[in-house]
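Worksheet: one structure, shown below.
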Protein chains: 2
Amino acid sequence: MNQRQTTKKQEIESREATLLETASRILLAEGFAALSMERLADELNTAKGTIYNHFPNREEVLLAIAVKAINKRQSLFDIASLAQRPSRERMMAVMVACEIYVTHYPHYFHVESLVRHAAIWERCTEARRALLQKQEERCMGLVSSIVRGGVANGDLRLPQEISPEEMTLSLWALTYGSYLINASSPSLEEIGIKSVHRSVRLGCMCVLDGYHWQPIWTNEQRNHLFREICRDVFPDEPAPVDFHLLP
Amino acid sequence: MNQRQTTKKQEIESREATLLETASRILLAEGFAALSMERLADELNTAKGTIYNHFPNREEVLLAIAVKAINKRQSLFDIASLAQRPSRERMMAVMVACEIYVTHYPHYFHVESLVRHAAIWERCTEARRALLQKQEERCMGLVSSIVRGGVANGDLRLPQEISPEEMTLSLWALTYGSYLINASSPSLEEIGIKSVHRSVRLGCMCVLDGYHWQPIWTNEQRNHLFREICRDVFPDEPAPVDFHLLP
DNA sequence: TAAAAAATCTGACGTGGCGTCAGATAATAG
DNA sequence: CTATTATCTGACGCCACGTCAGATTTTTTA
């Protein structure tokens, strides 16, 4: 009896997981427009009403995927910030984490940005939105902690008027902005940008150097460390394509 | 006869303008969801079919607004890059242009980012998309030209491996990314970011300083120049709120 | 100026997806 | 084995999209 009870609950729970996987697959293969509740119900061999038992509307399904996405991102950031390395290398590990995320989980990145649009955001429940916000803040917090760590042990002397959070925002904006622009302007390469990844790396390095975060590396050192971090800090993730920082 | 001909054509043309104004108004006041073709037809006292004579679908109306938006942005960039000032000040003028754009034409900024999403982008005609792309590239080009100018007269010595376009991308990504994050995370201020404008200014300055673009300014000089540029280069635009760069 | 031709406008119509809900079915309790 | 509760179902009402045959207006032609 008790066994059956859990069996039923498990069935419902596992359906939710399958549902999100199916939705992700459709989204990745055919885009947002193709993701209809009818379609989802069909593919899951269930009725539309059942889907609505799990999510109050279509947008909320998206948000649920976005939550999975940010959890993945957070786990990558966690690994990066726990690396036993000097502060600046930990920061580089976060950069590597971003690159892995964007390269190997592009649909996650896509959903994360999609879900931020008012048309979608506004239709979601406060509860799930809070979930996303909290994780977002936690990700930012992890990066800010690395900055704080750098300040604490003297690798970095942040100007009085700049908080660690503001430095984090700069780096995140640079990264996020670059990948968004890249996603929507396929012609970037035609106008002199060889690789977005390369640009993001150079841009972030410039900001870190700009604030004199020690040690300042040569290009050779950067490349070497980049590969080392891919290998040692993220042994379980396939390494992102290694565009050389040097030409 | 000829007079009448032009009269009719003018009517159609002016309708298109009214249409876009009405659409902008709805969009600004009630968001994308509220912008339906029915609604547009109603407000213009015309039939739905007539709207479809102008635009093949709803998304294309958005894109048309985005084209107006980017034209505005381009005109601001034009003014900035034509200023009779040292290269680095011209670059700061572009930063001011961005701030004016985001502050005083927020709906334009919003539409520009909205239109980039695949769900909308894909449904638009190639012709109009090309229009937007071209203007986008022109805006990037204006900024790259300022970088080139700085290199040409020795204010800036760009590292071998970095093209002017890559530097432009960094600055643009930092700006665009920051404002997007700000738009979708109203809680930024709670986590230590006093003002996005301030963060963007500091971030861009850090990049410019990072590449040693001369002259390097003190905070006082930055603030002073910022106000001067608002006043002298953009006398026709209301100045953006002047958050001090210093605390 | 009047009739014919062309351009433009119109709104009813077909379509498709959203979200609901009364009734059917299955699970659990007594 | 029956009653109660939980879950599932799919037909339904609704709304907005985009179309198109026919009405209306404008332009051309004679």
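Note on naming: letters A, B, ... go to the chains in the order of the sequence lines (proteins, then strands), and numbering restarts at 1 for each one.
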Of D:dT7, C:dT10, C:dG17, the nucleotide closest to the side chain of B:T46 is C:dT10

Discussion item. Taking only side-chain N and O atoms of A:R15, does any of them lie within less than 4.0 angstrom of OP1 or OP2 on D:dT7?
Written reply: no

Whole-Å distance, B:E60 CD to D:dC17 C1', equals 15 Å

- Give a yes or no on whether a salt bridge exists between B:E166 and A:R201, defined as a side-chain N under 4.0 angstrom from a carboxylate O. no

A:R123 atom CZ is separated from D:dC15 atom P, nearest whole Å, by 14 Å

Atom NZ of A:K48 and atom C1' of C:dC18 are separated, to the nearest Å, by 6 Å

Taking D:dC8, D:dA16, C:dC18 as options, the one with an atom nearest any side-chain atom of A:Y52 is C:dC18

Whole-Å distance, B:R39 CZ to D:dC15 C1', equals 15 Å

In terms of side-chain geometry, is the basic nitrogen of A:R123 or A:E60 positioned less than 4.0 Å from the acidic oxygen of its partner?
-> no

Is there a side-chain contact between A:N53 and the phosphate of D:dC8, meaning an N or O under 4.0 Å from OP1 or OP2? yes

Testing D:dT7, C:dG11, C:dG17 for proximity to the side chain of A:S36, the answer is C:dG17

Is it true that B:Y105 and B:H110 have ring centroids separated by less than 6.0 Å?
no

Whole-Å distance, A:M37 CE to C:dT20 C1', equals 13 Å

In terms of heavy-atom contacts, B:P240 and B:C230 come closest through CD-SG, 3.9 Å

To the nearest angstrom, the CZ-P distance between B:R58 and D:dG18 comes to 8 Å

Whole-Å distance, B:F55 CZ to D:dG18 C1', equals 16 Å

Whole-Å distance, A:F32 CZ to C:dG17 P, equals 13 Å

